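Quantities reported herein were computed from a predicted structural model and do not represent experimental measurements.
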Amino acid sequence: MGPTTRARFVHNRRRRGPYAAPDDDDEEEDQQEASSSSSSSDEGEEDAEEEGSGEVDDDDGEAAEPSGKEEEVSPVAAAARSGRKASITISLKKVCKVCKSTGHEAGFKGAVYIDCPRKPCFLCKMPGSGHTTLTCPHRVAMEHGVIPASRRNTNTSLDYVFQSQVKGKIPMVKPQFLIPNQLECGNIKFHQRRVTCLEFHPTKNNVLLSGDKKGLLGVWDYVKLHEKITYDSVHSCILNSMKFDTTNDGLLYTASSDGTISSTDLDTGIGSSLLNLNPNGWNGPSTWRMIYGMDFNSDKGLLLVADSFGFLHLLDRRLKARIGDPILIHKKGSKVTSLHCNPAQPEVLLSSGNDHYARIWDTRKLEPNSAFASLAHGRVVNSGYFSPQSGNKILTTCQDNRIRVWDYIFGNLESPSREIVHSHDFNRHLTPFKAEWDPKDHTETVAVIGRYISENYNGIALHPIDFIDTSTGKLLAEVMDPDITTISPVNKLHPRDDILASGSSRSIFIWKPKTESDATEERNREKAKEFVYGSGSRKKSNGKHENSSDDDSDGSCDGKKKKKAKKTRFTHTIKGKGKSKV
């Protein structure tokens, strides 16, 4: 749980004018609303199908004919026809938020989830299981029902290459794994909207990059704490993915829901557009293309990007131009959520999509319906990644509350080696949860992912970040802090150090392993967490904010307040033309 000394936060309330519209991007409010609603996406789809059936048939299957009786008119409709105001009736009946029926309630109440008697367990979603979410065996022990599958060998030439060239480089002795379970520092409300992606700098160990829903790109040195830069003109809406150029660590590629790919020079702040899928602007949702998945093939110098209509686009990094025509790799009209090139064989590509499939491709022979394998899932696949060392394993995150692992990409891929039940299926007002490998783990077994269902820790509802052993399904550790009560769907492990970065609401946090000195009582009294309060917490002398954030702040430059908060350091971000620096 970290040090016993609680960090001091500035709790801001937004100022709204009399005609101000509600802001659905305030993540603290959104996550409370998300937690109060218990209906999953599947339930919403079922309700939509039921409401969409316009025909009413009798028992014989024929359309029901009118009975000739006068149509009953409701009091509200009668009052509207007569021109007089209808009375308002307030019902105090209990209404279930899941099945919409009266007589019972369901959903989250604090850290406890109350199940609907007409629906299966909210966690495992197994019909007829007979247990509740609170007593679900997968919640008691995450490895419940997970049986490590035996290795399925096809004895092909590819298998021989792996055995002789790749497997020998993987250490057989599993090194000690240090869990970054102590909150070290944080950048409170660094972004104006919720954090959508994180990436560590490939050569500067202490630099973290982040993107948000508004398209802003942030660069933060979490050791110097106050050194941060924001680029607010890179994209016009959600920044979904970012990748560094492996030949130039100062060049960053970003993909956005505005349908553009941009390259930004982090040294000069100069950016350029490489691809624009919406050159004619907004003409409605039926033609607007968004980009979610992106990866970089360093061997060929290619950028691979996929849009929300199921197509893959290839870009030459040197020519800054598109190569060939778009290729349909998922169901037409479905969103491609992620792309990942195999680290050992970059020509092998893994794609995930809204069509409930993850697919493996050979980028040298890209054609529609030419996938090596199609991995079926129960619902939308949020992400899919090859293992970071050998590229021999596959890890996917699906909206059916399942993390799936394939232990051998050259074997039988019809079914996963194991399925791990984990709570991550809710993405309303949230960035989708994605399980990611630990890039430092040579055994390729450790993965990290945030948890949706809250747990009751000493009376506080917290949403832990889970470290999972994918070989057994066991929960290695759950990382949390009483100062962070919001959900942390975006998590990134450092490629070289034992550090975890997490994005929760508009804030970013850095976690490090707890040392023996930190465990002593004296150390806990002396050490305080350091937090930076970002642009969302800054207030001008006239009481208004300099940026577009609606949040009020208590972190003004008042001498008395500085005396009260000696162990907490404050800073702010000054907004400029496309680039801000502190």
Side-chain angles (χ1 to χ4, degrees), residues 7-12 14 23 25-31 183-201 204 206-235 237-240 242 252 254 264 266 269 430-431 450 481 483-492 494 499-511 529-539 545-556 568-576 578-582:
R8 284 165 286 189
F9 290 91
V10 176
H11 298 279
N12 303 307
R14 294 194 173 188
D23 185 8
D25 293 315
D26 187 341
E27 199 67 15
E28 285 93 356
E29 297 177 4
D30 289 344
Q31 293 183 0
L183 182 59
E184 183 72 12
C185 60
N187 199 326
I188 308 299
K189 294 185 180 178
F190 178 38
H191 287 274
Q192 301 174 17
R193 295 294 183 265
R194 60 177 164 86
V195 177
T196 54
C197 57
L198 296 171
E199 193 74 30
F200 284 99
H201 196 281
K204 300 177 181 178
N206 305 327
V207 175
L208 176 69
L209 290 89
S210 56
D212 68 8
K213 186 177 179 181
K214 199 174 181 180
L216 183 142
L217 172 65
V219 183
W220 179 41
D221 188 329
Y222 52 83
V223 171
K224 297 180 180 179
L225 203 66
H226 293 269
E227 290 195 7
K228 52 184 180 177
I229 304 173
T230 58
Y231 301 87
D232 52 12
S233 61
V234 179
H235 294 287
C237 60
I238 308 176
L239 201 161
N240 293 310
M242 60 177 74
L252 181 72
T254 54
T264 303
L266 299 179
L430 294 174
T431 302
D481 191 276
D483 289 324
I484 305 177
T485 58
T486 50
I487 304 171
S488 302
V490 186
N491 300 280
K492 179 69 68 172
H494 200 285
I499 292 176
L500 168 68
S502 63
S504 183
S505 181
R506 290 172 287 169
S507 305
I508 303 173
F509 301 97
I510 298 296
W511 306 75
K529 305 164 197 168
E530 295 177 306
F531 294 94
V532 173
Y533 288 81
S535 57
S537 298
R538 183 175 187 262
K539 185 165 62 176
H545 290 277
E546 189 168 358
N547 57 20
S548 59
S549 177
D550 299 327
D551 302 304
D552 293 335
S553 173
D554 297 329
S556 58
T568 304
R569 294 190 284 173
F570 298 85
T571 187
H572 61 270
T573 302
I574 302 174
K575 186 178 179 182
K579 181 177 178 180
S580 305
K581 186 172 182 179
V582 177

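The CG atom of D481 lies 11.5 Å from the CD atom of E184; values are rounded to the nearest 0.5 Å. Put simply, CG on D212 and CZ on R193 are 8.5 Å apart, with the number rounded to the nearest 0.5 Å. Taking CG of L209 as the start and NZ of K204 as the end, the distance is 9.5 Å to the nearest 0.5 Å. Going from atom NE2 of H494 over to atom NE2 of H201 covers 10.5 Å, rounded to the nearest 0.5 Å. Between N491 atom CG and L198 atom CG the span is 8.0 Å, to the nearest 0.5 Å.
Between L208 and D221, the closest side-chain pair of non-hydrogen atoms is not below 4.5 Å. Between L216 and Y231, every side-chain heavy-atom pair lies at or beyond the 4.5 Å cut-off. Side-chain atoms of T264 and V234, non-hydrogen and from C-beta on, do get closer than 4.5 Å to each other. Annotation: side chain of I508 is in contact with side chain of H191 (closest heavy-atom distance under 4.5 Å). In this structure the side chain of N187 reaches within 4.5 angstrom of the side chain of K228, judged on heavy atoms. At a threshold of 4.5 Å between non-hydrogen side-chain atoms, the residues V219 and V207 count as touching. With contacts defined as side-chain heavy-atom distances shorter than 4.5 Å, the pair T431/V195 does not qualify. Counting heavy atoms from C-beta on, the side chains of F509 and S504 come closer than 4.5 Å.
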(request) Go through V490 and S502 one step at a time and tell me if the side-chain contact (heavy atoms from CB on, under 4.5 Å) criterion holds. (result) CA-CA 6 Å; V490 186; S502 63; over 6 Å; no
(request) Go through the steps to decide whether L217 and T230 satisfy the test side-chain contact (heavy atoms from CB on, under 4.5 Å), and finish with yes or no. (result) CA-CA 6 Å; L217 172 65; T230 58; over 6 Å; no
(request) Would you sort out whether N206 and K224 count as a side-chain contact (heavy atoms from CB on, under 4.5 Å), showing the intermediate values? (result) CA-CA 8 Å; N206 305 327; K224 297 180 180 179; over 6 Å; no
(message) What verdict does the side-chain contact (heavy atoms from CB on, under 4.5 Å) test give for L225 and W220, after you've listed the backbone C-alpha separation in whole Å, the side-chain angles of each residue and the deciding distance to 0.1 Å?
(response) CA-CA 7 Å; L225 203 66; W220 179 41; 3.9 Å; yes
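Below 30°, between 30° and 60°, or above 60°: for F200 and Y222 the angle between ring planes is above 60°, a perpendicular geometry.
The two residues G211 and M242 make their nearest non-hydrogen contact at N-CE, 3.7 Å. The two residues I229 and F190 make their nearest non-hydrogen contact at O-CZ, 4.1 Å. When all heavy atoms of R194 and L430 are compared, the closest pair comes out as NH1-C, 3.8 Å. Shortest non-hydrogen contact noted between L239 and G215 is CD1-O, 4.0 Å.
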